[in-house]
Amino acid sequence: HFGWSYSNKKYSCVKKKTKPFGSNPRIIQRNKDIQEEYYKLRQEHGYTAKRARKMLAEKYELAFSTIISIVKRKHK
């Protein structure tokens, strides 16, 4: 959403600040845990990518596609 600034009789478009992505600490920690578990399932236990994602989706009660996007996301 955009707003107009009328300071100094000049019109400029000012972008409204939005909430930063992933600002909830519980979700950030959950995503890190998912990424670590995914690595362990793939590397240490030898599961296929599809099987590891399915297991994590069931454990965390998330959609399969959500697990894919969490695993592809880099740590910040």
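Everything quoted here is computed from the prediction, not taken from an experiment.
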Membership question, hydrophobic clusters at under 4.5 Å side-chain separation (ILVMFWY): are Met55 and Val71 in the same one?
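Yes, one cluster joins them.
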Would you please test Gln29 and Asp33 for side chain to side chain donor-acceptor pair (under 3.5 Å) and show each step?
CA-CA 6 Å; Gln29 186 59 48; Asp33 293 342; 3.0 Å; yes
Restricting to salt bridge (Lys or Arg N to Asp or Glu O under 4.0 Å), what partner residues turn up for Lys59, sequence neighbours left out?
Glu37
Roughly how far, to the nearest 0.5 Å, is CD1 of Ile67 from CD of Glu58?
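The CD atom of Glu58 sits 10.5 Å away from the CD1 atom of Ile67.
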Within a strict 4.5 Å, meaning less than it, do heavy atoms of the [X] and [Y] side chains meet?
X	Y	value
Leu62	Ile34	yes
Tyr60	Thr66	no
Ile70	Arg30	yes

Arg42 side-chain N/O to Ala52 backbone N/O, donor-acceptor pair under 3.5 Å
no
Lys54 and Phe64 have their tightest heavy-atom pair at N-CE1, 3.7 Å
What are the two closest non-hydrogen atoms of Arg53 and Ile68, and how far apart are they?
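Smallest interatomic distance, heavy atoms only, reads CD-CG1, 3.6 Å.
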